[in-house]
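Inspection log for the structure reproduced underneath, given as structure tokens.
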Protein chains: 2
Amino acid sequence: MAIPRAARTQRRTRIQEAKEEQILEAALDVFSVSGFRGSTIDQIAEVAGMSKPNLLYYFRTKEAMHRALIDRVLFTWLEPLKAFDAEGNPESEIRSYIRRKLEMARDFPRESRLFANEMLQGAPHVEDELKGPLKQLVDEKAEVIRTWTKAGKIAKCDPYHLIFSIWSTTQHYADFDVQVRAVLGQEHAGAGRFEDAARFLEQLFIDGLKVKPVPDAS
Amino acid sequence: MAIPRAARTQRRTRIQEAKEEQILEAALDVFSVSGFRGSTIDQIAEVAGMSKPNLLYYFRTKEAMHRALIDRVLFTWLEPLKAFDAEGNPESEIRSYIRRKLEMARDFPRESRLFANEMLQGAPHVEDELKGPLKQLVDEKAEVIRTWTKAGKIAKCDPYHLIFSIWSTTQHYADFDVQVRAVLGQEHAGAGRFEDAARFLEQLFIDGLKVKPVPDAS
DNA sequence: TGTAATGTTTACCAATCGGTCAAATTATCA
DNA sequence: TGATAATTTGACCGATTGGTAAACATTACA
């Protein structure tokens, strides 16, 4: 008799790992486009090339699939921000953060859309992670930025809104990809649009955060 | 006998107008959170306080509701960009554009989310509008910005990505509201967050677009 | 007032939804 | 090999989906 997945022993066989991978890959395809409510197990099953009951053998509910997917993606998604180094040069730190986030928007657009969908729906499945680990990480990095401003290395600014603006501008190229392509038109919507975006955003954030000459310095 | 809505004469009674308004208001509530696929007519009917067949008397299908909603919202949504004036002062034009977009994110977050949902799903219902009227409007305003850069009024930059970045940063406060609130925490997530955002974004874009001193001017 | 058009609702439909079950198939290994 | 456990599937369930039909209620107006 088949053992329900949740009660299984901790050790997972290769085939289990492969199948779960296969399912989550398909689930990412579907959830990232239609959101949780708009996605169906049948859709995921078809993309995964498996029967619906077979999916439900590995993940007992649709929510379990979504949850597993979010958990896995959340970790890697926050990696770039963790790399933010207090000891580094602010300018190059910000520059490389923008670069990395843009690369992720280019290489992992589905992951970006998965989160965007979740946020739009009010984050019913990840609100705890937002208020917990995410807030903690951002608080920490905001403090780093604040030391930079206090040391006069970058212009005085709200560190939280700085982070928000980097998030939004970079993820925009994943989440609003259709719009970006449509507006740029066929001639400029090629692969080069990420390079163009990188150039613009680096200029914007680097120059926008340069310390301004004080009217009266003495 | 009831006449199907599509075949009705052009003149709409007050009650028709009121009911359609009431339905679209409810539809905005639902579609903006769950997207097209994730929303149900029953949900909209409940929010609107009407029976499902009654909704379908005014809009024959779920798609008709969505389409009517998009059409109505799209117009007002693009208003701020239209106000972009070539004759005006670039700095104040950009500043007030950011202000207006932020006000819209604050006052009409559902409209913002409705579009965001549509974009995430690949804009299956509005792709024509994107490639047509939207692209045309952005092209026009990009040309305005280009004249500013050529006149040396603002730093040289890609006008399209400038517009994208203003869109993304401002709409972020509507679309990712949950995340913003969670990260800011209870103490800073009050109504003041829009003022903080405005201050930061104005600084970022104004300073980031200031003409830089050329190393060798002569 | 009467009557025809407009508006609303109850009951219902076929299709699809998330999920279960038991039988069938395949892998594991003594 | 055989037997046991793991995996896969077709058939199916009740609930929900988008949408319809027709009876009923209300309004507009001559």
Side-chain angles (χ1 to χ4, degrees), chain A residues 1-27 29-31 33-69 121 124-125, chain B residues 1-27 29-31 33-69 121 124-125:
Chain A
M1 183 202 317
I3 299 170
R5 196 191 170 276
R8 237 186 254 146
T9 42
Q10 51 282 57
R11 180 161 295 281
R12 294 185 340 185
T13 67
R14 288 132 222 87
I15 179 167
Q16 274 170 22
E17 232 160 297
K19 287 284 177 176
E20 287 176 10
E21 169 66 36
Q22 186 180 343
I23 292 169
L24 291 182
E25 167 69 19
D29 255 21
V30 177
F31 281 135
V33 169
S34 303
F36 182 76
R37 283 224 49 182
S39 303
T40 72
I41 303 181
D42 295 84
Q43 285 178 330
I44 300 174
E46 194 185 333
V47 173
M50 308 166 61
S51 67
K52 179 166 66 170
N54 203 1
L55 291 212
L56 291 162
Y57 173 73
Y58 291 99
F59 298 94
R60 276 165 18 180
T61 64
K62 180 177 155 186
E63 264 206 53
M65 281 180 225
H66 190 256
R67 153 71 44 184
L69 192 56
Q121 284 159 35
H125 304 96
Chain B
M1 184 202 318
I3 299 169
R5 196 188 171 281
R8 236 186 254 145
T9 41
Q10 51 281 57
R11 182 161 291 282
R12 295 185 341 185
T13 67
R14 287 131 224 86
I15 179 165
Q16 274 170 21
E17 231 160 299
K19 288 285 177 174
E20 287 176 10
E21 170 66 37
Q22 187 179 342
I23 292 169
L24 290 182
E25 167 69 21
D29 255 20
V30 176
F31 281 136
V33 169
S34 303
F36 182 76
R37 284 225 47 182
S39 303
T40 72
I41 303 181
D42 295 85
Q43 286 178 330
I44 299 173
E46 195 185 332
V47 173
M50 308 166 62
S51 66
K52 179 166 64 171
N54 204 0
L55 291 213
L56 290 162
Y57 173 73
Y58 291 99
F59 298 95
R60 277 165 19 180
T61 64
K62 179 177 156 186
E63 266 208 51
M65 280 179 226
H66 190 256
R67 153 73 43 186
L69 193 55
Q121 285 160 34
H125 306 94

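Chain letters run A, B, ... following the sequence lines, proteins first and then strands; every chain starts at 1.
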A side-chain contact here means heavy atoms from C-beta on lying under 4.5 Å apart; do B:Glu20 and B:Phe59 qualify? yes
Can you find a pair of side-chain heavy atoms, one from A:Glu63 and one from A:Phe36, that are under 4.5 Å apart? yes
In whole angstrom, what separates [X]'s [atom1] from [N]'s [atom2]?
X	N	atom1	atom2	value
B:Arg37	C:dC17	CZ	C1'	10 Å
B:Leu55	C:dT10	CG	P	14 Å
B:Phe59	C:dG7	CZ	P	13 Å
A:Glu17	D:dT7	CD	P	12 Å
B:Met65	D:dT17	CE	P	13 Å
A:Glu46	D:dT9	CD	P	14 Å
A:Phe36	C:dC17	CZ	C1'	12 Å
B:Asp42	D:dT17	CG	P	5 Å

Taking the side chain of [X] as heavy atoms from C-beta outward, which of [options] is closest to it?
X	options	result
A:Tyr58	C:dC17, D:dT8, C:dT8	D:dT8
A:Lys62	D:dG19, C:dT9, C:dG19	C:dG19
B:Asn54	C:dT9, C:dG18, D:dT7	C:dT9
A:Thr40	C:dG19, C:dC17, C:dT10	C:dC17

What does [X] touch in the nucleic acid at a heavy-atom separation under 4.0 angstrom: a base, only the sugar-phosphate, or nothing?
X	result
B:Leu56	base
B:Lys19	sugar-phosphate
A:Ser51	base

Taking [Y]'s backbone N and O only, do any of them form a donor-acceptor pair with [X]'s side chain (distance below 3.5 Å, no angle check)?
X	Y	value
B:Lys52	B:Glu46	no
A:Arg67	A:His125	yes
B:Gln22	B:Ala48	yes

Phosphate oxygens OP1/OP2 of D:dT7: is one of them under 4.0 Å from a side-chain N or O of A:Gln16? yes
Does a nitrogen or oxygen in the side chain of B:Tyr57 sit under 4.0 Å from OP1 or OP2 of C:dT8? no
Please determine whether any donor N or O and acceptor N or O are separated by less than 3.5 Å between the side chain of A:Lys52 and the base of C:dG19. yes
